[in-house]
**Student:** 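One structure, as structure tokens, below. Some questions next.
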Amino acid sequence: MIFAIMAMILLPLAMALLLLSPALRPMVVRGLGLAPLPALLLPPAAWEGSISTVSFFGTWRYVLDQAGALLLGACALLWIIAGSAASRWLAGRGGQGRFALWWLLTLSGSLGVFVAGDVVSFYALYALASLPAYGLIAFGGGGAERRAGRVTIAAALIGEGLILAAMVLLAVNAPGQGLAIAPLVAALPSSPHCGAVIALLVIGFGLKIGLVPLHGWMPMSYAAGPLIATAVLSGATSKAGLIGLIRFLPLSEAMPVAGGMILAAGLVSALYGALLGLTQANPRSVLAYSSISQLGQMAAVLGAGLAAGAPGAGVIAAYYAVYHVLVKGGLFLWLGAQGRRIAAWQLGLVGFAALGFAGLPLTGGALGKLAFKDLAGTGATGMLFSFAAVGSTLLVLHFLRLARAPAQDPQPQPLSPAAWIAAVIAATLLQWTLFAAVTGDSARSALRPGALFDLAWPVAAGAALAWGLAALGTRLPAFPPGDIGERLIAIIERQATRIASAILRAETQAHQWQVSTLALAAALILFVALQTVFGPR
């Protein structure tokens with residue numbers, strides 16, 4: 001296990017170093033699909049339900065449990081599929097080394113974060129999964145791409161600042177516990193700062209998973225970058241925020257107030273994402289709002305688990321996320337593989353897989369919804385989850401209608417169809433294979449009449465509603481990608497520009513004092529240093 005963990009994290013970084021050699025660079029680009037392979041050695045170690053812990057140098061700890069193993073395995077598969085497609089996509093394209101560098105750095109953090117067991121390594125790998133994504137989004141070099149990259153980095157930095165504050169409070173509130181995540185989280189419920197820590201964690205990780213109203217960056221990012229990059233950013237790297245909530249929320253302790261607030265925020269995101277996605281005219285943006293809706297449901301599952309004190313909620317949310325990892329990545333890959341004509345079988349397979357987000361029977365997504373049915377409950381909360389499924393149906397049908405038009409997102413070199421086909425098939429097979437291991441129930445339970453009815457009626461209701469809206473010719477108002485977040489981002493950008501201009505003017509006016517100012521600063525630093533070394537103790 002030690003060697004597999006080290007290889008999983010260090011192999012992509014070693015390949016990134018090899019990019020410095022012009023002779024080896026083409027070989028590295030061709031091998032992008034091989035970089036995640038060591039990660040596939042780790043998930044089987046967690047199927048027995050035990051938690052494996054490895055320490056390095058007495059400080060860095062790596063933990064592999066079922067929730068981490070589920071997410072790690074699914075994300076590794078997506079990185080392999082997309083990496084193989086990226087190698088072919090980059091052939092003959094300029095900037096290969098630059099794209100491969102950002103790809104490998106993001107890959108290392110994206111996979112490593114699922115096994116990080118201490119706050120230092122978690123924070124470092126979480127940042128590595130977020131910050132290099134700028135290079136992937138802005139690879140095209142256009143103004144929209146660079147702006148989307150800047151907004152994404154800004155959201156990542158704000159989130160990481162809040163997460164860092166939460167981690168500091170965790171360590172301060174549990175002196176003597178070291179930096180391992182598990183004991184720090186176990187001590188959190190008795191801390192006087194428990195509410196503040198949970199709020200910081202939810203907002204910080206909520207920025208990563210696009211919880212409303214922290215979602216504005218996501219539609220902008222997904223609509224701008226290359227489709228091959230958006231596939232892994234939407235499917236894999238967004239799950240760094242999910243594993244953060246799973247790791248740092250004290251799910252074994254019943255906290256009705258905090259859990260209820262997370263549950264409410266998740267359901268609001270689920271419904272809001274479905275509704276606002278219907279106002280989008282770009283299939284990419286529709287998929288972005290679908291991610292906001294689906295990730296909101298995963299957060300709601302964790303909130304319900306925290307409210308009830310159900311430690312198994314983390315595994316259930318991770319299992320539900322497996323389908324989203326591969327299918328959402330596959331849908332972006334499909335957009336990149338479109339030609340002039342779309343075959344009927346392609347549209348049928350894509351529609352079947354995408355309606356799994358709504359719980360269409362026989363899909364892997366239906367199994368995910370059955371897995372969290374007990375946490376969702378049968379009252380008002382359960383009905384809201386069903387309404388979210390209705391909204392997901394509407395959103396998927398809207399996406400399919402937009403995507404039927406060929407060349408919605410033309411590329412000089414289309415992606416290989418094998419990539420998206422492999423992703424959606426892997427998602428379905430994994431869900432059916434893992435259902436019994438995760439829930440303790442047979443997958444045949446998904447074929448019972450009661451289960452089929454519970455899954456089918458929201459899909460049928462959404463389809464009927466979509467038909468009715470189309471028959472009436474109802475058109476929803478158009479919103480820009482990011483909706484209210486777009487306007488907030490524009491305000492922030494204007495204010496930042498004004499502040500930067502004021503700083504530049506002040507710097508110009510003070511230029512004549514530059515030498516004396518530097519000398520004064522150096523003298524102050526020297527004085528403080530001398531006082532520290534030779535002053536009274």
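The residues of the chain are indexed from 1 along the displayed sequence.
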**Student:** Is there side-chain contact between Leu128 and Val113, with at least one heavy-atom pair below 4.5 Å?
**Tutor:** no

**Student:** Tell me the closest heavy-atom pair linking Ser290 and Phe357, and the distance in Å.
**Tutor:** OG-CD1, 4.0 Å

**Student:** Evaluate the ring planes of Phe385 and Phe372, with Trp represented by its six-membered ring, and classify them as parallel (under 30°), tilted (30 to 60°) or perpendicular (over 60°).
**Tutor:** tilted

**Student:** Do Val327 and Thr363 have side chains that get closer than 4.5 Å, going by heavy atoms?
**Tutor:** no

**Student:** Given 3.5 Å as the limit, does a donor-acceptor pair link the side chain of Arg284 with the main chain of Gly225, or not?
**Tutor:** yes

**Student:** Mind running side chain to side chain contact (heavy atoms under 4.5 Å, CB included) on Leu271 and Leu275 for me, showing each step along the way?
**Tutor:** CA-CA 6 Å; Leu271 297 169; Leu275 178 61; over 6 Å; no

**Student:** Indicate yes or no for a side-chain donor-acceptor contact from Lys239 to the backbone of Gly235 under 3.5 Å, with no hydrogens or angles considered.
**Tutor:** yes

**Student:** Is a side-chain donor or acceptor of Thr433 paired with a backbone partner of Leu429 at a separation under 3.5 angstrom?
**Tutor:** yes

**Student:** Under 6.0 Å from the CH2 atom of Trp457, do we count more than 12 heavy atoms belonging to anything else shown?
**Tutor:** yes

**Student:** Any side-chain heavy-atom pair from Phe205 and Leu162 closer than 4.5 angstrom?
**Tutor:** no

**Student:** Taking the side chain as C-beta and beyond, is there a heavy-atom pair between Tyr126 and Leu131 under 4.5 Å?
**Tutor:** no

**Student:** Is a donor on one side and an acceptor on the other found under 3.5 Å between the side chain of Tyr123 and the backbone of Glu160?
**Tutor:** yes

**Student:** Could you please spell out the steps behind the salt bridge (Lys or Arg N to Asp or Glu O under 4.0 Å) verdict for Arg448 and Asp454?
**Tutor:** CA-CA 10 Å; Arg448 295 169 185 162; Asp454 290 340; over 6 Å; no

**Student:** Please determine, by modelled atom types, if Gln294 and Tyr320 share a side-chain donor-acceptor pair under 3.5 angstrom.
**Tutor:** yes

**Student:** With distance as the sole criterion, is a donor-acceptor pair present between the side chains of Ser291 and Lys328 under 3.5 Å?
**Tutor:** yes

**Student:** Apply ring-ring contact (aromatic ring centres under 6.0 Å, His included) to residues Phe122 and Phe248 and explain how you reach the verdict.
**Tutor:** CA-CA 11 Å; Phe122 184 94; Phe248 286 92; 5.1 Å; yes

**Student:** How long is the span from the CG atom in Leu267 to the OG1 atom in Thr381, to the nearest 0.5 Å?
**Tutor:** 6.5 Å

**Student:** If I take atom OG from residue Ser285 and atom CG from residue Leu276, how far apart are they, to the nearest 0.5 angstrom?
**Tutor:** 11.0 Å

**Student:** Return yes if some donor-acceptor pair links the side-chain N/O of Ser108 with the main-chain N/O of Leu105 below 3.5 Å, else return no.
**Tutor:** no

**Student:** Quick one: are Val115 and Met8 in side-chain contact, heavy atoms under 4.5 Å?
**Tutor:** yes

**Student:** Looking at Ala156, is its backbone amide N or carbonyl O close enough to the side chain of Ser130 to form a donor-acceptor pair, meaning the two atoms are under 3.5 Å apart?
**Tutor:** no

**Student:** Looking at Arg401 and Val396, would you say the former's side chain and the latter's main chain have a donor-acceptor pair under 3.5 Å?
**Tutor:** no

**Student:** In Å and rounded to the nearest 0.5 Å, what is the CD1 to OG distance from Ile243 to Ser110?
**Tutor:** 11.5 Å

**Student:** Within this structure, what is the NE2-CG distance for the pair His324 and Leu78, rounded to the nearest 0.5 Å?
**Tutor:** 11.0 Å

**Student:** Evaluate side chain to side chain contact (heavy atoms under 4.5 Å, CB included) for Tyr289 paired with Ile292, printing each intermediate quantity in order.
**Tutor:** CA-CA 5 Å; Tyr289 279 97; Ile292 292 168; 3.9 Å; yes

**Student:** If you look at every heavy atom in Lys208 and Ala129, which pair is closest and at what distance?
**Tutor:** NZ-O, 3.9 Å

**Student:** Rounded to the nearest 0.5 Å, what separation is found between the CG atom of Leu64 and the CG atom of Leu42?
**Tutor:** 6.0 Å

**Student:** Quick one: does Ser234's side chain have a donor or acceptor within less than 3.5 Å of a partner on Thr230's backbone?
**Tutor:** yes

**Student:** Are any non-hydrogen side-chain atoms of Val424 and Thr428 less than 4.5 angstrom apart?
**Tutor:** no

**Student:** Which heavy atom of Leu397 sits nearest a heavy atom of Ala463, and at what distance?
**Tutor:** CD1-CA, 3.8 Å

**Student:** I'd like to know if the side chain of Tyr319 reaches the main chain of Gln431, judged simply by a donor and an acceptor atom lying under 3.5 Å from each other, with no hydrogens or angles considered.
**Tutor:** yes

**Student:** Which atom pair, heavy atoms only, marks the closest approach of Leu263 to Ala304?
**Tutor:** CB-N, 4.2 Å

**Student:** Considering the options Leu469, Thr393, Leu278, which one meets the side chain to side chain contact (heavy atoms under 4.5 Å, CB included) requirement together with His398?
**Tutor:** Leu278

**Student:** Does the side chain of Trp420 come within less than 4.5 Å of Ile425's, by heavy atoms?
**Tutor:** no

**Student:** Considering all heavy atoms of both residues, which atom of Ala446 and which atom of Leu452 are nearest to each other, and what is their separation?
**Tutor:** O-CD2, 3.3 Å

**Student:** For Ala187, does its backbone N or O pair with a side-chain atom of Ser190 as donor and acceptor, under 3.5 Å?
**Tutor:** yes

**Student:** Apply side chain to side chain contact (heavy atoms under 4.5 Å, CB included) to Leu430 and Leu70, showing your working.
**Tutor:** CA-CA 10 Å; Leu430 276 177; Leu70 287 166; over 6 Å; no

**Student:** Of the non-hydrogen atoms in Gly277 and Val286, which two are nearest, and what is the gap between them?
**Tutor:** O-CG2, 3.8 Å

**Student:** Step by step, would you call Leu333 with Leu227 a side chain to side chain contact (heavy atoms under 4.5 Å, CB included)?
**Tutor:** CA-CA 7 Å; Leu333 292 173; Leu227 282 164; over 6 Å; no

**Student:** Roughly how far apart are Leu188 CG and Ile198 CD1, rounded to 0.5 Å?
**Tutor:** 5.0 Å

**Student:** Side-chain contact, heavy-atom cut-off 4.5 Å: Arg88 with Arg30?
**Tutor:** no

